[in-house]
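See below for the structure under consideration.
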Amino acid sequence: MSEMTDITAPTPAVGDGGPDMVQLLTPEGQRVANAAAADYAHYVEDLTDEDMRGLYRDLVLIRRVDTEATALQRQGELGIWASLLGQEAAQVGSGRAMKKQDYAFPTYREHGVAWCRGVDPLNLLGLFRGVNHGGWDPNEKNFHLYTIVIGAQTLHATGYAMGIQRDGAVGTGDQDRDAAVIAYFGDGATSQGDVSESFVFAAVNNAPIVFFCQNNQWAISEPNDRQTRIPLYQRARGFGFPGVRVDGNDVLAVYAVTKHALEEARSGQGPFLVEAWTYRMGSHTTSDDPTKYRVSAPLLPGYGRSEGEEGLRDMLDVTLHALDVMEKLKLKKPIIVGHSMGGMIAAEMAAIAHTEIGKLCLLAPAGLWLDDHPIADIFAKLPYELPPLLFHDAEAGRRILTAGGGDMGDIEFLKQFLVMNARRLGMAGKLLFPIPDRGLAGRLYRITAKTLIVWGKKDLLIPPVYGDAFKKAISKSKVVRIAKAGHAVGQEKPARNKNGIPRAADTSCTVSGSLNRPASTKPASRSHWLSTIMCKSSCIGPFSMVVVLPLNCPHLTPSM
Ligand SMILES: Cc1ncc(C[n+]2csc(CCOP(=O)(O)OP(=O)(O)O)c2C)c(N)n1
Ligand SMILES: [Mg+2]
């Protein structure tokens with residue numbers, strides 16, 4: 001294969017899969033190998049340029065098939081379609097890692113694996129048109145029929161693997177005979193008893209099976225954090241077999257890890273769990289509307305790996321940009337949640353486009369200035385000064401701020417922080433520096449959305465008295481004060497995950513779970529709404545805003 005560039009992949013942030021995730025390509029497609037990839041990189045060494053082009057061809061073609069099938073559903077030719085959008089690499093990488101004699105058990109979304117097994121895409125459509133139960137011969141393709149019952153196929157696959165074992169087609173050393181089974185399932189399926197039962201059976205019987213979980217981070221409207229407290233690949237350990245997380249958007253890494261896992265299974269080493277970390281870019285199926293439950297957590301241009309901040313000169317530019325993005329995402333009357341500077345932007349959005357915003361939640365927003373209660377200049381602070389300023393519990397705050405790795409006493413950490421701070425000053429400084437007042441006070445009267453104002457009682461950055469000023473100026477507003485919380489109130493007091501420190505730490509987290517009640521319906525109660533918002537805001541970084549998504553942040557596009 002082509003020469004590998006001699007660089008090491010940056011360790012993925014927690015929200016991007018974490019440090020244990022195997023990667024051989026950057027999101028931009030540059031060939032790299034991170035530390036976790038050490039055991040797998042050699043599996044792609046023999047791939048020729050032609051092989052590479054073949055993988056690319058598979059990716060493109062299967063996406064095209066998917067687009068066509070979605071269009072057919074929209075034309076009324078199919079009853080429903082489950083799109084694979086965003087999961088092409090996970091499916092092509094694993095599908096191409098199989099040998100002819102291996103046998104796959106899919107869910108209903110594995111069109112890319114079907115393609116690799118030689119199933120004519122046309123034959124996939126019958127099931128979705130309602131004219132057959134699956135249009136191919138499973139035993140001809142070694143590709144079982146689609147299974148709609150979540151998780152059930154993992155049991156069938158385990159039984160099949162035990163059958164192969166009993167047929168003596170495992171661990172003989174005959175490369176053309178030894179076979180393995182691969183069972184596909186989703187992150188949501190891991191909550192099914194069937195999946196746990198198949199793990200137990202496969203483990204104690206040492207069955208030749210690769211459990212291939214495509215973690216697209218959603219089970220219809222239920223996000224990952226409603227399925228598990230630990231990364232899914234770690235589950236395997238409890239059952240007694242290895243588990244690896246691979247970048248599911250990296251076709252080479254998926255190919256390498258799956259090849260390894262299948263080899264282990266074929267040679268008699270027993271089961272293996274591969275968690276392909278990916279993202280469901282589209283809806284669950286064509287019957288689903290994800291705008292009803294997905295939360296978009298934008299990063300302001302200038303933050304993280306985004307770009308385009310030079311185009312935003314002042315508060316008006318920023319606000320119109322956020323409204324443009326909201327429009328582009330076709331969000332109708334969304335709930336806008338913003339923290340600190342994000343709260344300031346959210347309030348401006350609700351003031352300017354007051355008929356377009358469903359509800360508003362301001363978590364310790366900036367934007368006002370009271371001479372008797374000055375707000376500290378956050379850009380002048382060094383990292384170690386931030387935990388006591390932003391959190392009621394400074395030690396817990398320090399852990400939150402450094403959970404992505406990092407030591408505040410380390411000079412490298414300081415250097416990185418200063419560079420980031422300078423960049424933030426370039427963008428956020430336009431709104432906050434030297435005094436975070438850009439005339440919002442005179443515009444708040446225009447806000448007609450019901451507004452919840454949340455303040456940590458121990459906020460040392462923007463004192464709680466500002467909550468009263470916001471309440472006074474916004475007609476349909478209420479203030480809720482949260483005990484034992486500082487300025488980072490959403491992170492310090494996430495409602496659902498009481499000890500959500502690792503999750504909360506990733507300030508570039510793109511999508512943060514679902515609102516239990518869709519934005520367009522009434523929340524069950526104010527406390528329900530509050531707890532939902534607090535939970536969601538704990539997943540996004542400070543100063544971010546929920547609901548709209550800047551289109552010019554390339555690393556955020558998967559969340560669309
Ligand atoms: C036993 C069972 N319960 C519920 C359903 C309804 N259902 C269909 S898809 C789905 C979510 C599956 O999520 P996941 O396993 O993450 O797979 P994904 O759709 O994301 O690929 C559910 C609950 C079902 N088909 N079978
Ligand atoms: Mg899923």
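When reading the values below, keep in mind they use all heavy atoms of this one structure, side chains included, and skip hydrogens, waters and symmetry mates. We count ligands from 1, going down the list as the structure has it; atoms in each ligand are counted the same way. None of these values were measured; they are calculated from a predicted model.
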In terms of residue, atom name and distance, what is the protein heavy atom nearest to [atom]?
atom: atom 8 (C) of ligand 1; result: Ile150 CD1, 3.8 Å
atom: atom 15 (O) of ligand 1; result: Ala189 N, 2.8 Å
atom: atom 11 (C) of ligand 1; result: Ile220 CG1, 3.6 Å
atom: atom 21 (O) of ligand 1; result: Arg109 NE, 2.9 Å
atom: atom 14 (P) of ligand 1; result: Gly188 N, 3.4 Å

Report task. Tell me whether Gln217 has at least one N, O or S atom under 2.8 Å from the Mg ion (ligand 2). Result -> no
Query raised in the report: Short check: any N/O/S atom of Trp218 below 2.8 Å from the Mg ion (ligand 2)?
Result: yes
Report task. Flag the pair Trp115 / Phe143 as yes when their ring centroid distance falls below 6.0 Å, and as no otherwise. Result -> no
Query raised in the report: Does the separation of the ring centres of Phe199 and Phe241 fall below 6.0 angstrom?
Result: yes
For a 4.5 angstrom cut-off between non-hydrogen side-chain atoms, does [X] reach [Y]?
X: Lys99; Y: Leu262; result: no
X: Phe211; Y: Thr158; result: yes
X: Phe212; Y: Val254; result: yes
X: Arg280; Y: Pro290; result: yes

Considering both backbone and side-chain atoms of [X], is one of its nitrogen or oxygen atoms within less than 3.5 Å of a nitrogen or oxygen in ligand 1?
X: Val149; result: no
X: Gln87; result: no
X: Tyr108; result: yes
X: Ile148; result: yes

Query raised in the report: Tell me, which N, O or S atom in Asp187 is closest to the Mg ion (ligand 2)?
Result: OD1
Report summary line: Atoms of ligand 1 under 4.0 Å from any heavy atom of His284, numbered from 1 in the order shown, are 9 (S), 19 (O)
**Report entry** Distance in Å, Glu356 CD paired with Leu323 CG, rounded so as to fall on 0.5 Å steps
**Finding:** 8.0 Å
Proximity flag [X] to ligand 1, non-hydrogen atoms under 4.0 Å:
X: Phe185; value: no
X: Arg280; value: no
X: Asn216; value: yes

Indicate whether any N or O donor in one side chain lies under 3.5 Å from an N or O acceptor in the other, for [X] and [Y].
X: Gln165; Y: Asn205; answer: no
X: Asn249; Y: Thr278; answer: yes
X: Gln23; Y: Asp250; answer: no

